[in-house]
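A quick write-up on the structure given underneath.
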Amino acid sequence: MTREDTLPTRPMPKAPVQKIDFNSLKAPSGYIPGLGRGAAGFTTRSDIGPARGAGPGDKPGAPGKTPGKDDDEAAMDDTKFDEFLGNDAGLFAQGEYDEEDKEADNVWESVDNFMDDRRKEQRERRLKETLEQFRRNNPKITEQFADLKRKLSEVSESEWEAIPDIGDYTIKKPRRIEAFTPVPDSILSGAATSATGGPLTSVSSSDGTLSSLPGMASGIASALPSDLTAIGSGRGTVLGLKLDRMADSVSGQTVVDVKGYLTDLKSVHVSSDAEISDIKRTRQVLRSVIQSNPTHAPGWIAVARLEEVAGNPSDAKQLALRGCELCPANEDIWLEAARLHDAETARALLARGVSHLPVSVKLWLAAAKLESDADARSRVLRKALERIPTSVVLWKAAVDLGTGDEDAKVLLSRAVECCPQAVELWLALARLETYDAAKKVLNRARRALPLDRSIWVTAARLEETNGATAAKVALIIQKAVKTLVDATAAAGGGGGGGGGGTTETAVRDAWLAEAEQCAAAKPPMPLTCHAIVRAVHRYGIDDEDVLDSLSADAEEYLKRGAVEVARALYVCALDLFPSDAALWRAAAALEKIHGSAVQLIAILDRAVTHCPESEVLWLMLAKERWVAGDVTEARRVLEAAFAHHRGSESVWLAAFKLEFETGEQERARGVMAKARADALATVYPKVWLKSAIVERELAGPTAASLKALLEEGLKKFPTAEKLHLMLAQLEEARALVRFAGKAGGMRK
């Protein structure tokens, strides 16, 4: 047996096991460190302090002080502050504020509020009593002298005059009067001579510097100025030398304008500190924008405008040019740079801009505006149209610069070929052409734009201008409405074309807007207006709402001043509802205000034909005939009114007024006699009153026939006050006549 065999053998090593890192684990709830090994619940010396007592010289909080005797300052520790418990460091200082605590606080708060309300009346009464007691013990000055003030009304004028003056009005310490006397120049010169103790100095006339004058003490009296005026002029000389030195540099270029120096100072805008701070802050932000994204053109424009506002035009120009170099594909930066520079530089910039952006309409228009000559502008616009032939804006600008109608026709003929969808160009060309040529142009426009209503309306206006009848104009509009509605309905739209809405109401409103434009045109186009209204007045309206809708639309357009549209709507409504008397009165009111007498009489003639049962319409027609001077026709109207309104008080009185006002008093007496004989009219007191009036005019105020008429009228109407008054006047007149007769007999 060898020695190796007697040695103990080692066990085989085990595979390594993954260890648990207890420090990274979360402690279980209720865990108290040290509790398991008994390191909790005992007190150490560090908790209770040193064993010796506090000495007489120990400061509060020093070692050796008895625990629990710390003062309030030691207890006020900012690190232990809690929102709920404050500086409390007691047993519940570390507790969490949960919902139960919140509920308890709410309960206690409600209890406090309840107790406070119970004591509120007592507290207010006590406070009021305290305040009254304080005011009684400490009255105001005005209250103390109130009785004396009231007694001032009893003071006589002599007593007022006897009141002595108070002497010193300040009622304070007397003011100290200080007098200042100017010192003569001789005293100043003498003081300077006696005080000389060093070398004198003088001002150099070349550069304004000070130089010493040694050895001149003896002659100081003669060297100093004899008065202060010389000293002031010397200061002016020094200021002038400084300005001269600032004005002229080495190269001879003027830096400061000496003559306009003060004027320039007045023109300087002094910004407030807030404005300067805002400008600096905005400058920093915009600088960061253009640095982080140098190809962002709006950033360059913003920073250039900021510098312009801040009063740095040169910096603004440089920034705009830098933006043009970094953002050559943006038209706004080129326009901004051109705006900041003068006209010559702006032309060069815009030329560079259109080289980078040959299809930019804004750049071409800006370049044309810079030209002062119309021919130069025209050349720029023609060159632009070569690059952008489909731009409607450029074609309009070129047409506006045209020298005559022929040039405009040529340009517009080419424009409609390049821009067939531009309605404005078609209509402008049609207005410049003759009647036959305009019809051809409008036909071409209608083929290019089949859903645009303005082309049809222009065609109708063209026919009206050239003397077409209302039927022909109406035929064009009816065809337009039918064609456009059918086309858009087939396409799935709402009808009407030309940007109309998707609903029938919107289409109707769009057509009525066209009618309003026709009525407001110079000259107005009433036939086209009426044709449009007649074609679309019922479009999109239910049958039961037609009358209300037409009346409301007519009133609305009348408020807006579109009289012709309102008239056309009333005409359409009257065609649909001819027996509506209120509608006829509204139409007559429109003609009375905005129309002529002929139009008013014509519509009233139609009104009484369709509404003979309306007294108002008959009376309106008779009055208008009378006002127009046709009394015979007015009588005829009233006779026709009698046939439909037999026994009507209004008609009888209107007939009487017509005869009486025109001087036909006999005819007026006959009219009233017929009225009294009419059983239906004799029941009206006004009939007897008017009969008495005309009888008094014809027979006299004391006639027996007048008395008989009044007595008969009072039998029928005993409460008629005016009849009683007229009878009293008659008796008074008779009494005066009898008295006059007696007086005449006595004289004989």
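This one's a predicted model, so the numbers in the text were calculated from it and none came from an experiment.
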Apply salt bridge (charged side-chain N to carboxylate O under 4.0 Å, His left out) to [X] and list each qualifying residue two or more places apart in sequence or on a separate chain.
X: Arg636; value: Glu633
X: Glu371; value: Arg347
X: Arg508; value: Asp553

Taking every non-hydrogen atom, the tightest pair across [X] and [Y]:
X: Arg377; Y: Ala368; value: CG-O, 3.0 Å
X: Ala515; Y: Val533; value: CB-CG2, 4.0 Å
X: Ser391; Y: Leu385; value: O-CD2, 4.4 Å
X: Leu350; Y: Ala366; value: CD1-C, 3.7 Å
X: Leu462; Y: Ala438; value: CD2-CB, 3.8 Å
X: Cys418; Y: Pro389; value: CB-O, 3.2 Å

query = What is the distance from atom CG of Leu321 to atom CG of Leu349, rounded to the nearest 0.5 Å?
reply = 6.0 Å
ask   = To the nearest 0.5 Å, how far apart are CG in Asp580 and CZ in Arg585?
value = 8.5 Å
task = Evaluate the salt bridge (Lys or Arg N to Asp or Glu O under 4.0 Å) criterion for residues Arg305 and Glu308: first the C-alpha distance (whole Å), next the side-chain angles of each, then the deciding distance (0.1 Å), finally the verdict.
result = CA-CA 5 Å; Arg305 291 184 179 178; Glu308 183 184 10; 5.9 Å; no
Heavy-atom side-chain contact between [X] and [Y] under 4.5 Å:
X: Cys518; Y: Val457; value: yes
X: Leu394; Y: Arg382; value: no
X: Val416; Y: Arg444; value: yes
X: Leu326; Y: Ile333; value: no
X: Tyr539; Y: Val481; value: no
X: Arg534; Y: Leu569; value: no
X: Arg431; Y: Thr458; value: no
X: Met525; Y: Val473; value: no

Under 3.5 Å donor-acceptor, [X] side chain and [Y] backbone:
X: Ser378; Y: Asp375; result: no
X: Trp426; Y: Pro420; result: yes
X: His610; Y: Ala607; result: no
X: Thr345; Y: Asp342; result: no
X: Trp364; Y: Pro358; result: yes
X: Asp452; Y: Ser454; result: yes
X: Trp300; Y: Pro294; result: yes
X: His645; Y: Trp618; result: no
X: Asp545; Y: Ile541; result: no
X: Glu624; Y: Ile601; result: no

key: Verdict with reasoning, Thr295 to Asn293, per side-chain hydrogen bond (donor to acceptor under 3.5 Å, both in side chains)   = CA-CA 6 Å; Thr295 59; Asn293 189 6; 3.1 Å; yes
Heavy-atom count around [X] [atom1] within 6.0 Å, excluding the residue itself: above 12?
X: Arg560; atom1: CZ; value: yes
X: Lys592; atom1: NZ; value: no
X: Arg322; atom1: CZ; value: no
X: Lys317; atom1: NZ; value: yes

query = Can a cation-pi geometry be assigned to Arg446 and Trp456, taking NZ or CZ under 6.0 Å from the six-membered ring centre and within 45° of the ring axis?
reply = yes
query = When you measure from the centre of the six-membered ring of Tyr570, is the NZ or CZ of Arg567 under 6.0 Å away and within 45° of the axis?
reply =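 No, Arg567 and Tyr570 do not form such a contact.
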inquiry  = Between Glu417 and Arg414, does any side-chain N to carboxylate O distance fall below 4.0 Å?
reply    =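 The answer is yes: the pair qualifies as a salt bridge.
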ask   = Are Arg339 and Glu336 within salt-bridge range, i.e. N to O under 4.0 Å?
value =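 Looking at Arg339 and Glu336, the cut-off is met.
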Test applied, side-chain contact (heavy atoms from CB on, under 4.5 Å); reference residue, Glu307; option that passes from Leu286, Leu319, Leu340 = Leu319
key: Chi angles and distances behind the side-chain hydrogen bond (donor to acceptor under 3.5 Å, both in side chains) call for Asp436, Thr434   = CA-CA 6 Å; Asp436 296 330; Thr434 59; 5.9 Å; no
